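In what follows, residues are counted from 1 in the order of the sequence shown. For clarity, every value in this text was computed on a predicted model and none was experimentally measured.
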Amino acid sequence: MRVAASLMAAMALVASTVLAKPHPKHHNDAFVINKDVLNTAKIPFVPHTGSALFTNWVGLDVDFKYVKPLFDLVNSTQSIANGTLLSRGEAHVTVILPPEYDNILHPAGVTIDEINTIASHKNRLQKAKFGIECLGRVQVVSTPDNVYQQAVQIILKDFQDIVSYREDVWKLFVKKGGNPALFDPWNFTPHITLGFRHRDIFVEDGVFKGKNACIHKLIAK
């Protein structure tokens, strides 16, 4: 009986070890970020233009000084990053992705200057309101290099102002003869990248950075 009891206890310990989910550093509390990270209206719009592929895109800049403390905390949390994340040293929300511009908008005659003008008029895009959904993480083994990749991000919510900008870009695209089915202003998962291992990863890698990627509660206060 003692042997059986010991065996059952050992099996229970193994099962709990296998099934237990890794916990962030503050499992019982939310991660916290300074609420001023949401105040982007005083930050001037910055255009991103170039002659090469993936150099033309539209972004909403966020003050990195409010993001850096969260990056440091998340990166030092063993169950999330354990010191493996790299930071760009800046923070932004990508609103028009490089592939959207290169493969869809530009071929229809939409120029980067035109969509930048829509964004910069009265600093419209930088004045966009949004909220914070959660702390997110995406992981994948990239091909063809077969390398484990990980990226951690702030997932956003309540971003109708940003979608409204994308809707105006879509209207311009359609006005110029673009196929409306090729650009969906509502198919959009805005986020702020905190950091990544090796390189950032994208939908082209097979990951989606929406609410589906949430791993921990994050609040702004």
Side-chain angles (χ1 to χ4, degrees), residues 30-50 54-75 85 87-101 105 110-136 151-173 175 183-196 200 202-203 208-211 213-214 216-221:
F31 283 106
V32 176
I33 189 168
N34 191 310
K35 66 180 184 302
D36 287 339
V37 73
L38 304 175
N39 299 328
T40 59
K42 293 183 179 180
I43 302 174
F45 174 76
V46 177
H48 301 276
T49 63
F54 304 112
T55 58
N56 293 282
W57 54 282
V58 178
L60 187 164
D61 283 347
V62 176
D63 195 332
F64 184 67
K65 72 181 178 185
Y66 301 120
V67 176
K68 179 67 161 56
L70 179 64
F71 168 81
D72 290 338
L73 179 58
V74 169
N75 197 29
L85 296 181
S87 169
R88 293 192 180 102
E90 56 84 23
H92 66 269
V93 182
T94 304
V95 177
I96 299 294
L97 283 67
E100 288 182 317
Y101 180 77
L105 300 175
V110 177
T111 70
I112 191 66
D113 289 338
E114 286 175 316
I115 59 178
N116 280 339
T117 297
I118 298 173
S120 62
H121 180 64
K122 296 184 178 180
N123 212 27
R124 169 188 177 174
L125 189 56
Q126 286 295 140
K127 291 180 179 179
K129 301 295 184 182
F130 57 89
I132 291 177
E133 178 71 56
C134 67
L135 181 73
V152 179
Q153 52 283 138
I154 300 168
I155 306 296
L156 304 186
K157 66 178 181 179
D158 302 330
F159 46 84
Q160 182 54 46
D161 287 351
I162 301 176
V163 171
S164 293
Y165 164 77
R166 286 176 55 89
E167 288 174 336
D168 284 349
V169 172
W170 175 78
K171 291 174 184 176
L172 176 63
F173 169 69
K175 182 178 180 180
F183 179 72
D184 185 356
W186 307 279
N187 183 18
F188 181 55
T189 53
H191 59 274
I192 301 168
T193 297
L194 277 182
F196 44 83
D200 203 357
F202 309 96
V203 66
F208 298 90
K209 300 175 182 177
K211 191 174 180 179
C214 289
H216 197 62
K217 187 175 182 181
L218 174 63
I219 59 175
K221 68 177 186 178

Chemist: With a 4.5 Å heavy-atom cut-off, do Phe45 and Asn116 have their side chains touching?
Modeler: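 Heavy-atom side-chain distance check passes, below 4.5 Å.
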Chemist: Starting at CG of Asn75, measure out to CG of Leu85 and round the result to the nearest 0.5 Å.
Modeler: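 Rounded to the nearest 0.5 Å, the CG-CG separation comes out at 4.0 Å.
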Chemist: Any chance you could measure Leu125, atom CG, to Ile118, atom CD1, to the nearest 0.5 Å?
Modeler: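 Leu125 atom CG to Ile118 atom CD1 measures 10.5 Å (nearest 0.5 Å).
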Chemist: As an exercise, state the distance from CD of Gln153 to CG of Leu194, rounded to the nearest 0.5 Å.
Modeler: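 Going from the CD atom of Gln153 to the CG atom of Leu194 covers 7.5 Å.
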Chemist: With a 4.5 Å cut-off on side-chain heavy atoms, are Ile155 and His191 touching?
Modeler: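 Touching, per the 4.5 Å side-chain cut-off.
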Chemist: Just by modelled atom types, is the Thr111 backbone N or O under 3.5 Å from a matching donor or acceptor in the Glu114 side chain?
Modeler: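 Side chain of Glu114 to backbone of Thr111, a donor-acceptor pair under 3.5 Å: yes, one is there.
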Chemist: Out of curiosity, Phe183 CZ to Leu105 CG, how far, rounded to the nearest 0.5 Å?
Modeler: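 The CG atom of Leu105 is 5.0 Å from CZ of Phe183, to the nearest 0.5 Å.
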Chemist: If you look at every heavy atom in Ala41 and Asn123, which pair is closest and at what distance?
Modeler: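 For Ala41 and Asn123, the tightest heavy-atom pair comes out as O-ND2, 2.9 Å.
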Chemist: Table please: side-chain donor-acceptor pairs of residues 57-71 below 3.5 Å, with sequence neighbours left out.
Modeler:
unit_1	atom_1	unit_2	atom_2	d
Asp63	OD1	Lys65	N	3.1
Lys68	NZ	Asp72	OD1	3.1
Lys68	NZ	Asp72	OD2	2.9

Chemist: Kindly indicate, with the supporting measurements, whether the criterion side chain to side chain contact (heavy atoms under 4.5 Å, CB included) is fulfilled by Leu73 and Phe31.
Modeler: CA-CA 9 Å; Leu73 179 58; Phe31 283 106; 3.5 Å; yes
Chemist: Is any side-chain heavy atom of Ser87 closer than 4.5 Å to a side-chain heavy atom of Phe196?
Modeler: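 Not in contact.
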Chemist: Could you tell me which residues satisfy side-chain contact (heavy atoms from CB on, under 4.5 Å) with Lys35, sequence neighbours excluded, listed by chain and number?
Modeler: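 Ala220.
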Chemist: Closest heavy-atom contact between Ala30 and Ile219?
Modeler: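 In this case the closest contact between Ala30 and Ile219 is CB-CG1, 4.1 Å.
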Chemist: Between Arg88 and Thr193, does a side chain to side chain contact (heavy atoms under 4.5 Å, CB included) hold up when you go through it step by step?
Modeler: CA-CA 9 Å; Arg88 293 192 180 102; Thr193 297; 3.8 Å; yes
Chemist: Sequence neighbours excluded and cut-off under 3.5 Å, please list the side-chain donor-acceptor pairs for residues 90-98, or say none.
Modeler:
unit_1	atom_1	unit_2	atom_2	d
Glu90	OE1	His92	ND1	3.0
Glu90	OE2	His92	ND1	3.1
His92	NE2	Thr94	OG1	3.2

Chemist: Would you sort out whether Ile33 and Ile154 count as a side chain to side chain contact (heavy atoms under 4.5 Å, CB included), showing the intermediate values?
Modeler: CA-CA 10 Å; Ile33 189 168; Ile154 300 168; 3.8 Å; yes
Chemist: With side chain to side chain contact (heavy atoms under 4.5 Å, CB included) as the test, would you mind laying out the steps for Cys134 and Lys217 before giving the verdict?
Modeler: CA-CA 5 Å; Cys134 67; Lys217 187 175 182 181; over 6 Å; no
Chemist: Should Lys129 and Phe159 count as side-chain neighbours, where that means a heavy-atom distance under 4.5 Å?
Modeler: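 Counting from C-beta outward, Lys129 and Phe159 never come under 4.5 Å.
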Chemist: Under 3.5 Å, is there a donor-acceptor pair between the side chain of Lys175 and the main chain of Trp170?
Modeler: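 Here the side-chain-to-backbone pair does not exist.
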Chemist: Look only at the side chain of Gln126 and the backbone of Thr40, and say whether a donor-acceptor pair between them is shorter than 3.5 Å.
Modeler: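 Yes.
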Chemist: Please step through salt bridge (Lys or Arg N to Asp or Glu O under 4.0 Å) for the pair Asp200 and Lys209, ending with a clear verdict.
Modeler: CA-CA 12 Å; Asp200 203 357; Lys209 300 175 182 177; 3.1 Å; yes
Chemist: Taking the six-membered ring of Tyr165 as reference, does the cationic atom of Arg124 (NZ for Lys, CZ for Arg) lie under 6.0 Å from its centre and within 45° of its axis?
Modeler: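 That pair does not qualify as a cation-pi contact.
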Chemist: Measure the CZ-CZ distance between Arg166 and Phe188 for me, rounded to the nearest 0.5 Å.
Modeler: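 Reported to 0.5 Å precision, the distance equals 5.5 Å.
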Chemist: Could you point out which residue of Asp161, Leu38, Asp158 forms a side-chain contact (heavy atoms from CB on, under 4.5 Å) with Phe130?
Modeler: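 Testing Phe130 for a side-chain contact (heavy atoms from CB on, under 4.5 Å) against Asp161, Leu38, Asp158 leaves exactly one candidate, Leu38.
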